[in-house]
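Comments concern the structure below.
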Amino acid sequence: MVTATQTIIRLGSEELRITHPDKLLWPDMGITKLDYVQKLAALSPYMLPHCEGRYLTTIRYPEGIEGGTSFYQKNCPQPKPDYVRTAEENGINYVVLDSLPTLLWLGSLYSLEYHVSCERIGDPLPDRWILDIDPSLEVEPRIMEAAAIVGDLLTSLGLSAVPKTSGATGVQIVMPIERGPTYDELRAFGKFVSEYLAAKHPKLFTVERLKKNRGTLIYLDYLQFYPGRTLAAPYTTRARPGAPVSTPLSWDEVRRDPKPTDFNLLNIEERLRAKGELISQLPKQPLRGVLGTIARL
């Protein structure tokens with residue numbers, strides 16, 4: 001069997017060499033390195049708006065998901081092409097993922113997961129609020145029920161948000177917000193939501209930080225959304241069997257109890273053509289009034 005040693009992709013005036021294009025990255029799905037880079041290109045219009053202007057951390061898997069070797073990458077890999085922009089923070093030179101060539105270059109380096117900072121570079125105020133719903137069990141049949149309960153509470157407060165699968169085991173609730181509230185105010189809001197739900201549903205939720213003390217309860221991690229921390233970017237792949245993709249959902253879909261693996265690298269394009277990008281479709285939420293009410297409680 002003869003395999004290609006490299007493929008050249010041309011992006012306008014840029015040229016990207018894809019070495020070992022036939023290497024299987026997700027063997028169970030038959031997805032090769034070249035397949036992956038091509039899928040990233042298709043996902044880029046949806047993924048890049050959630051990554052640009054943020055500090056990027058990738059997880060690289062040089063031998064694919066079954067190769068046994070992986071590592072986090074915060075500092076920009078070297079050498080880098082001229083089109084790759086970087087931003088320095090606390091001595092780390094982060095990649096700024098703001099272009100298709102940069103995304104495909106990272107993909108060619110076996111970056112299979114993309115995690116972005118909660119904060120925007122150079123901006124002290126948040127543009128969104130996120131609640132991370134983190135199961136204690138590897139397989140948690142109640143995860144969509146948990147997400148729906150969070151959504152119902154937000155609706156009762158006059159707010160709208162978009163649930164998205166993490167691509168792994170959890171769900172994140174994403175709420176674009178009108179500019180004004182600080183990260184500390186949003187943390188207080190997350191604390192209120194989480195502690196209220198943990199008290200109302202003590203057999204389902206917990207705010208216990210230590211995993212060993214959570215038992216089988218689902219952790220409402222309001223602390224994760226804060227400067228210096230990261231969350232899986234919308235539409236990132238995850239290095240798990242089935243090539244799952246972190247996917248925004250409608251609340252109707254949540255109530256039909258989908259599985260995270262239902263949304264993967266082979267079917268995500270069709271979904272996006274049919275439904276579009278759900279987070280960008282949601283108007284920025286006026287959170288200031290709710291925050292004021294909570295502060296007076």
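Note that the numbering runs from 1 along the sequence shown for the chain.
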Geometric cation-pi criterion, Lys211 with Tyr219: 6.0 Å, 45°: no
Side chains of Asp152 and Thr155, donor plus acceptor under 3.5 Å: no
Stacked cation flag Arg187 on Tyr226, 6.0 angstrom / 45 deg: yes
Sole candidate of Lys33, Arg60, His20 that passes side-chain hydrogen bond (donor to acceptor under 3.5 Å, both in side chains) when paired with Tyr110: Lys33
Ring centres under 6.0 angstrom apart (Trp105, Tyr83): no
Short side-chain to backbone donor-acceptor contact, Gln285 and Pro283, under 3.5 Å: yes
Heavy atoms from other residues, nucleotides or ligands near CG of Asn213 exceed 12 (cutoff 6.0 Å): yes
Student check: side-chain heavy atoms of Phe71 and Pro62 closer than 4.5 Å: yes
Trp129 and Phe225 aromatic centres sub-6.0 Å: no
Aromatic plane relationship, His201 with Phe205 - under 30° parallel, 30 to 60° tilted, over 60° perpendicular: perpendicular
Neighbour count above 12 (heavy atom, 6.0 Å) for Lys191 NZ: no
Common cluster, Val162/Tyr235, ILVMFWY with side-chain heavy-atom separation under 4.5 Å: no
NZ (Lys200) with more than 12 external heavy atoms under 6.0 Å: no
Residue of the set Ile279, Thr236, Leu97 for which side chain to side chain contact (heavy atoms under 4.5 Å, CB included) holds with His50: Ile279
Salt bridge (charged side-chain N to carboxylate O under 4.0 Å, His left out) evaluation trace for Glu113 with Arg238: CA-CA 5 Å; Glu113 297 195 11; Arg238 302 303 294 266; 3.0 Å; yes
Within-4.5 Å side-chain heavy-atom neighbours: Thr19 and Ser108: no
